[in-house]
J.: 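Okay, handing you the structure first.
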Amino acid sequence: MTGTPFQVRDAVWRDLLALRRGEGPGAEHAWDPAWALYEPIARRRATSFVVAQVGQSLDGRVATVDGDAAPISGPDGFAHLHRLRALADAVIVGAGCVVADDPRLTVREVEGPSPARVVIDPSGRVPAGAKCVAGVGGAILVRAEDCAATEDGASLRLPREADGRLCPRALLAALADRGLRTILVEGGAATIRHFLQAGLVDRLHVTVAPIIIGSGAPGLLLDPVSHLSEALRPRCRVTPLGSDTLFDCAFDRGPVEPSRAPSA
Ligand SMILES: NC(=O)c1ccc[n+]([C@@H]2O[C@H](COP(=O)([O-])OP(=O)(O)OC[C@H]3O[C@@H](n4cnc5c(N)ncnc54)[C@H](OP(=O)(O)O)[C@@H]3O)[C@@H](O)[C@H]2O)c1
């Protein structure tokens with residue numbers, strides 16, 4: 001890789017964290033690549049802003065067929081993920097991700113606050129001892145209204161839609177009511193898919209590590225399309241992070257494609 005290596009200078013990161021606390025705009029960093037990358041996420045908004053992220057292999061995998069998922073991202077991809085967590089109010093994962101990987105979902109690789117942890121677990125299959133559930137402050141467990149599991153006030157009940165899913169838009173509204181508006185959807189593929197198909201993703205960050213797995217769980221999975229003209233074509237900026245390459249994809253809000261929108 002040639003050119004100036006991507007770096008997040010301490011002064012820039014400090015001002016991004018200040019912006020995240022609503023204390024911006026801080027110093028003038030408009031020329032700085034790290035500021036340009038993270039400022040849209042650090043900026044506070046009156047409405048929800050959703051960043052979905054995937055750390056995948058060159059062939060678009062996030063785990064082997066046997067579920068081995070670590071380490072796919074290199075150290076710079078991992079640090080990027082932790083920066084996203086530090087700038088988010090809340091991080092959302094699906095039950096599959098928690099059962100497979102038991103992530104902590106905290107910020108450890110960079111300075112900054114850990115986000116609220118939100119687990120979409122409609123039927124209550126995530127063990128109570130999962131790290132992100134049992135950790136400091138616990139997690140917001142998102143259940144279907146018909147779920148028999150009982151727990152404390154940390155849970156959030158949503159109705160199932162006709163297809164059995166919980167509506168991501170309703171989830172964002174419920175989180176916004178709790179003051180959680182900058183949202184990181186960390187996976188897995190099924191969870192990101194629901195947000196993408198509802199047209200609720202503002203940014204998709206895909207970090208690609210130079211490893212080829214050849215088979216196994218995909219990072220992104222959408223309904224099949226017949227023609228490439230139906231494929232998503234976000235505006236995309238590529239940033240070599242070092243060990244990994246980041247594709248920062250911007251979507252305009254709105255249904256991704258009418259025939260794929262979830263039923264009302
Ligand atoms: N590299 C990365 O960036 C990354 C990040 C995260 C995960 N992963 C990998 O991803 C894999 C897991 O992904 P996955 O796609 O199998 O599972 P997932 O997206 O983590 O979880 C899917 C499950 O979450 C629940 N869920 C999520 N959204 C829902 C909605 N809108 N309505 C109702 N239920 C919803 C459902 O639970 P029920 O099935 O209980 O109904 C669904 O089956 C693992 O291999 C993990 O290693 C990789």
Side-chain angles (χ1 to χ4, degrees), residues 13 16-17 19-21 37-38 40-45 47-56 62-63 69-70 72-73 77-122 126-127 130-143 154-156 158 166 168-196 198 200-207 219-220 246 248-249:
W13 185 243
L16 285 164
L17 290 176
L19 193 63
R20 182 221 185 283
R21 293 192 299 270
L37 175 62
Y38 294 116
I41 303 163
R43 193 191 312 158
R44 296 298 95 176
R45 292 176 166 81
T47 54
S48 300
F49 186 81
V50 176
V51 182
Q53 92 80 39
V54 182
Q56 66 178 35
V62 294
I72 287 181
S73 295
F78 204 54
H80 172 71
L81 169 62
H82 281 238
R83 281 187 210 106
L84 293 182
R85 286 181 183 169
L87 296 178
D89 294 326
V91 55
I92 295 177
V93 291
C97 166
V98 178
V99 169
D101 298 343
D102 197 13
R104 278 175 279 179
L105 303 179
T106 55
V107 174
R108 303 180 302 279
E109 297 294 319
V110 299
E111 184 195 329
S114 291
R117 305 184 293 279
V118 179
V119 179
I120 308 182
D121 182 25
V126 166
K131 288 180 190 140
C132 67
V133 176
V136 178
I140 298 173
L141 299 168
V142 184
R143 307 289 198 206
S155 76
L156 203 160
L158 294 177
L166 309 185
R169 192 179 298 278
L171 173 55
L172 290 185
L175 295 178
D177 284 347
R178 297 176 181 218
L180 306 172
R181 294 191 184 83
T182 301
I183 307 295
L184 174 62
V185 181
E186 203 175 300
T191 302
I192 292 176
R193 169 190 197 157
H194 300 154
F195 280 87
L196 264 178
L200 293 173
V201 174
D202 295 283
R203 293 292 175 99
L204 172 66
H205 280 199
V206 180
T207 58
L220 292 170
L246 168 66
D248 176 8
C249 308

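Note that this is a predicted model, so its numbers are computed, not measured.
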J.: With rounding to the nearest 0.5 angstrom, report the NE2 to OG distance, His82 to Ser114.
T.: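 The distance works out to 9.0 Å.
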J.: Considering only NZ, NE, NH1 and NH2 on the basic side and carboxylate oxygens on the acidic side, decide whether Arg44 and Asp89 come within less than 4.0 Å.
T.: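 Salt bridge flag = yes for Asp89 with Arg44.
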J.: NE2/His194 to CG/Leu200 distance, rounded to the nearest 0.5 angstrom?
T.: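 Here the rounded value is 12.0 Å.
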J.: Return yes if some donor-acceptor pair links the side-chain N/O of Asp202 with the main-chain N/O of Val50 below 3.5 Å, else return no.
T.: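 The answer is yes, because a donor-acceptor pair under 3.5 Å joins these two groups.
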J.: As an exercise, state the distance from CG of Leu19 to CD1 of Ile41, rounded to the nearest 0.5 Å.
T.: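 Reported to 0.5 Å precision, the distance equals 11.0 Å.
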J.: As an exercise, state the distance from CD1 of Ile92 to CZ of Phe195, rounded to the nearest 0.5 Å.
T.: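 These two atoms lie 4.0 Å from each other.
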J.: Do you know the tightest heavy-atom contact between Ser73 and Gly55?
T.: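 Nearest pair, atom of Ser73 first, then Gly55: OG-CA, 3.7 Å.
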J.: Between Leu141 and Ile120, is there a side-chain heavy-atom distance shorter than 4.5 Å?
T.: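 SC-SC contact between Ile120 and Leu141 ruled out.
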J.: Is a side-chain donor or acceptor of Arg117 paired with a backbone partner of Cys132 at a separation under 3.5 angstrom?
T.: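 Pair found, side chain donor or acceptor close to backbone of Cys132.
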J.: Assess the residue pair Leu220 and Leu204 against the criterion (side chain to side chain contact (heavy atoms under 4.5 Å, CB included)); give the C-alpha distance rounded to whole Å, side-chain angles, the decisive distance to 0.1 Å, and a yes or no.
T.: CA-CA 11 Å; Leu220 292 170; Leu204 172 66; 3.9 Å; yes
J.: Check whether any side-chain heavy atom of Arg178 lies under 4.5 Å from a side-chain heavy atom of Leu156, and answer yes or no.
T.: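 Arg178 reaches Leu156 side chain to side chain.
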J.: How about Leu184 and His205: do any of their side-chain heavy atoms sit closer than 4.5 Å?
T.: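 Result no, sub-4.5 Å side-chain heavy-atom pair not found.
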J.: Are any side-chain N or O atoms of Arg85 and backbone N or O atoms of Thr106, one a donor and one an acceptor, separated by less than 3.5 Å?
T.: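 Pair found, side chain donor or acceptor close to backbone of Thr106.
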J.: Side chains of Val93 and Leu105, heavy atoms from C-beta outward: is any pair under 4.5 Å?
T.: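 SC-SC contact between Val93 and Leu105 confirmed.
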J.: Is Arg83 reaching over with its side chain to a backbone N or O of Val110, donor-acceptor style, under 3.5 angstrom?
T.: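 No: the side chain of Arg83 does not pair with the backbone of Val110.
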J.: Taking the inter-plane angle between the rings of Tyr38 and His80 on a 0 to 90° scale, is it parallel (under 30°), tilted (30 to 60°) or perpendicular (over 60°)?
T.: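 Aromatic pair Tyr38/His80 classed tilted.
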J.: Do Arg203 and Pro40 have side-chain heavy atoms sitting under 4.5 Å apart?
T.: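 Counting from C-beta outward, Arg203 and Pro40 do come under 4.5 Å.
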J.: Pick from Val119, Leu171, Leu175: which one makes a side-chain contact (heavy atoms from CB on, under 4.5 Å) with Ile140?
T.: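 Among Val119, Leu171, Leu175, the one that satisfies the side-chain contact (heavy atoms from CB on, under 4.5 Å) with Ile140 is Leu175.
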